[in-house]
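Worksheet for the structure shown next.
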Protein chains: 4
Amino acid sequence: MIIQLDMQSELPIYTQLVNQIIEGIASGRLKPGEPLPSVRSLASDIGINLHTVNKAYTLLKQDEFILVHRQKGVVINPDGMPGITKNYRNKMRGELKPIAAEAICRGMSREQLLLEVERIYQEITQTDKEND
Amino acid sequence: MIIQLDMQSELPIYTQLVNQIIEGIASGRLKPGEPLPSVRSLASDIGINLHTVNKAYTLLKQDEFILVHRQKGVVINPDGMPGITKNYRNKMRGELKPIAAEAICRGMSREQLLLEVERIYQEITQTDKEND
Amino acid sequence: MIIQLDMQSELPIYTQLVNQIIEGIASGRLKPGEPLPSVRSLASDIGINLHTVNKAYTLLKQDEFILVHRQKGVVINPDGMPGITKNYRNKMRGELKPIAAEAICRGMSREQLLLEVERIYQEITQTDKEND
Amino acid sequence: MIIQLDMQSELPIYTQLVNQIIEGIASGRLKPGEPLPSVRSLASDIGINLHTVNKAYTLLKQDEFILVHRQKGVVINPDGMPGITKNYRNKMRGELKPIAAEAICRGMSREQLLLEVERIYQEITQTDKEND
DNA sequence: GTGGTCTAGACCACG
DNA sequence: GTGGTCTAGACCACT
């Protein structure tokens with residue numbers, strides 16, 4: 001699992017970490033049951049503080065993307081991912097709305113916008129299917 | 001123009017303001033050339049700090065959504081909205097990616113995701129076309 | 001709001017804090033909408049680190065006992081408390097079970113156990129109704 | 001005696017073990033004088049570390065739920081269970097208080113809470129009286 | 001060696 | 001001045 005952080009980004013490091021791990025799962029590079037590095041090793045690997053990694057893991061744990069197994073350590077939730085809850089739907093819509101609004105302002109058509117989304121969907125699901 | 005702010009949101013107030021004005025433009029409720037309230041009056045209307053409104057206006061000006069005339073006051077950019085620049089495309093994709101990734105993780109199909117986006121597109125463009 | 005911490009307790013400080021604030025709400029000493037001290041001031045008041053207070057507040061926020069208002073600061077959730085969700089019921093039962101089991105082992109009758117619970121219920125709801 | 005451990009639980013494994021054995025006694029599935037598996041065999045049976053089982057047994061011994069004979073092995077205390085000591089009462093009340101407080105916050109009535117406790121009491125004492 | 005907790009001190013965004 | 005983020009270093013409980 002390669003993690004790419006942008007230390008200049010406005011997004012907190014732990015958020016970038018969360019996003020990248022979720023993208024890793026979405027792309028199939030990280031599979032249910034698969035172990036994740038310990039907070040300490042990941043932190044030292046990517047050169048950040050262990051508390052920052054810990055916060056990312058805590059958030060992922062809260063949403064049940066990962067779980068902390070007392071023996072196996074941190075693993076991608078083997079029982080599958082959290083579903084499409086009402087809460088989640090609202091959160092997603094709240095995030096999509098300002099993006100769509102700006103796209104509309106800038107003259108993007110419905111088709112163009114959908115194409116962008118489709119393109120990203122493809123990009124994620126087809127990432128590195130053969131290599132690991 | 002009715003502004004709805006959530007003081008409990010994790011989003012800064014000025015970001016919520018920016019979003020709502022952009023949504024206002026996208027929905028057609030705010031038209032190019034149309035005046036916006038002054039920093040002072042908007043701030044007192046919705047009960048927030050001057051600086052907060054100022055910051056929102058500054059950001060909107062930077063992206064050329066609005067123009068700030070010393071005398072005429074603040075108006076929606078009469079020369080039309082900013083276009084779909086390369087910068088904007090990258091920004092949008094960067095925002096869509098984690099949303100799409102989480103949707104995929106949670107088992108949302110390409111069609112479901114596109115439907116959500118389409119739904120929001122509709123919702124914005126058909127918002128309150130008659131009433132103000 | 002008087003906070004009593006036991007630094008020798010096996011319970012983490014932040015958990016004790018969470019419990020005491022919840023007890024404060026349950027007893028009526030803390031009312032919905034009422035402001036809580038800032039993390040910094042509370043931390044210095046009770047002589048602990050601000051991060052510890054922060055963790056307690058974060059947990060209370062997650063469960064919607066409190067919320068962080070951008071203008072008013074931290075307040076007891078004015079929209080009322082979280083309800084009796086399925087999750088909560090399961091959590092509560094999971095906590096009660098070992099307590100009940102040990103009580104049974106030690107020969108406590110159903111009546112005695114219920115009396116204990118009733119006693120505590122009274123104790124909480126009648127705490128300092130007149131004084132603040 | 002079937003032991004069900006949750007490796008994802010926040011509760012340490014040894015605590016879960018202690019709880020389950022106490023529940024076993026409370027339910028009547030484990031009777032005074034009855035032998036318990038050796039540290040070694042129990043550990044290998046449920047796939048955990050020797051030390052973990054050992055810690056659980058040590059705690060149970062401290063509270064006199066079990067006796068550890070060098071030769072006879074581990075048995076449920078044949079002289080009966082520990083009584084309702086002052087220490088125990090305080091411990092129990094300290095555990096019940098935050099549970100009751102949260103229940104009150106969430107709007108649970110005295111009757112509802114007592115019903116929950118009664119329900120659990122029943123559940124334990126009627127667990128699998130015939131089957132083992 | 002693991003995650004969890006706590007402290008201390010720093011910077012930043014926000015209002 | 002507020003909460004949020006990040007770092008650094010320490011101790012402990014657990015396995």
Side-chain angles (χ1 to χ4, degrees), chain A residues 5 7 9-17 35-44 46-59 61 66-75, chain B residues 5 7-17 43 46-56, chain C residues 5 7 9-17 35-44 46-59 61 66-75, chain D residues 5 7-17 43 46-56:
Chain A
L5 296 181
M7 305 308 274
S9 166
E10 48 175 0
L11 287 163
I13 297 176
Y14 73 86
T15 303
Q16 296 183 49
L17 242 181
L36 248 45
S38 75
V39 282
R40 276 178 177 77
S41 68
L42 183 51
S44 78
I46 56 186
I48 61 175
N49 192 279
L50 91 173
H51 291 112
T52 308
V53 177
N54 200 13
K55 177 150 190 181
Y57 277 11
T58 301
L59 289 171
K61 194 170 56 177
I66 67 173
L67 50 81
V68 178
H69 189 106
R70 285 198 176 269
Q71 292 170 321
K72 295 181 209 156
V74 182
V75 297
Chain B
L5 296 180
M7 305 312 274
Q8 280 86 52
S9 167
E10 49 175 2
L11 286 164
I13 295 175
Y14 75 86
T15 303
Q16 296 182 52
L17 244 180
I46 54 186
I48 61 175
N49 197 296
L50 279 175
H51 303 329
T52 310
V53 178
N54 210 355
K55 181 153 189 180
Chain C
L5 296 181
M7 304 309 274
S9 166
E10 49 175 1
L11 286 163
I13 297 176
Y14 73 87
T15 303
Q16 297 182 49
L17 242 180
L36 249 46
S38 74
V39 282
R40 275 179 179 77
S41 68
L42 183 52
S44 78
I46 55 186
I48 61 175
N49 192 280
L50 93 174
H51 291 112
T52 308
V53 177
N54 200 12
K55 177 150 191 181
Y57 277 11
T58 301
L59 290 171
K61 193 169 57 178
I66 67 174
L67 49 81
V68 179
H69 189 105
R70 285 199 175 269
Q71 293 171 320
K72 295 182 211 155
V74 182
V75 297
Chain D
L5 296 180
M7 304 312 273
Q8 280 85 53
S9 166
E10 48 175 5
L11 286 164
I13 296 175
Y14 76 88
T15 304
Q16 296 183 50
L17 245 180
I46 53 185
I48 61 176
N49 197 295
L50 278 176
H51 302 331
T52 309
V53 178
N54 209 353
K55 180 153 190 179

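First the proteins, then the strands, lettered A, B, ... as listed; each starts at 1.
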Intra- and interstrand pairs of DNA chain F - dot-bracket, Watson-Crick/G-U under 3.5 Å, | marks other strand: ||||||||||||||.

Report the distance from atom [atom1] of [X] to atom [atom2] of [N], rounded to the nearest whole Å.
X      : N       : atom1 : atom2 : answer
Q8(D)  : dG4(E)  : CD    : C1'   : 17 Å
L36(C) : dT2(F)  : CG    : P     : 13 Å
H69(C) : dC14(E) : NE2   : P     : 16 Å
N54(A) : dT5(F)  : CG    : P     : 14 Å
E10(B) : dC14(E) : CD    : C1'   : 14 Å
L5(C)  : dT5(E)  : CG    : C1'   : 14 Å
L59(C) : dG4(F)  : CG    : P     : 13 Å
K72(A) : dG1(E)  : NZ    : C1'   : 19 Å

Can you name the side-chain contact (heavy atoms from CB on, under 4.5 Å) partners of [X], sequence neighbours left out?
X      : answer
L50(C) : R40(C), A43(C)
L59(C) : Y14(C), V18(C), K55(C), Q62(C)
E10(C) : none
S9(B)  : D6(B), L11(B), Q16(B)

Separation between CG of L5(A) and CD1 of I13(A), rounded to the nearest 0.5 Å: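 L5(A) atom CG to I13(A) atom CD1 measures 6.5 Å (nearest 0.5 Å).
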
Q8(B) to L67(C) - nearest heavy-atom pair and separation: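 Answer, listing the atom of Q8(B) first, then L67(C): CG-CD1, 3.4 Å.
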
Residue list, side-chain hydrogen bond (donor to acceptor under 3.5 Å, both in side chains) with [X], at least two apart or on another chain:
X      : result
N54(D) : none
H51(B) : none
S38(C) : S41(C)

Nucleotide-resolved protein contact map, nucleotides 7-15 of chain F, B/S/- at heavy-atom distance under 4.0 Å: BBB-B--SS

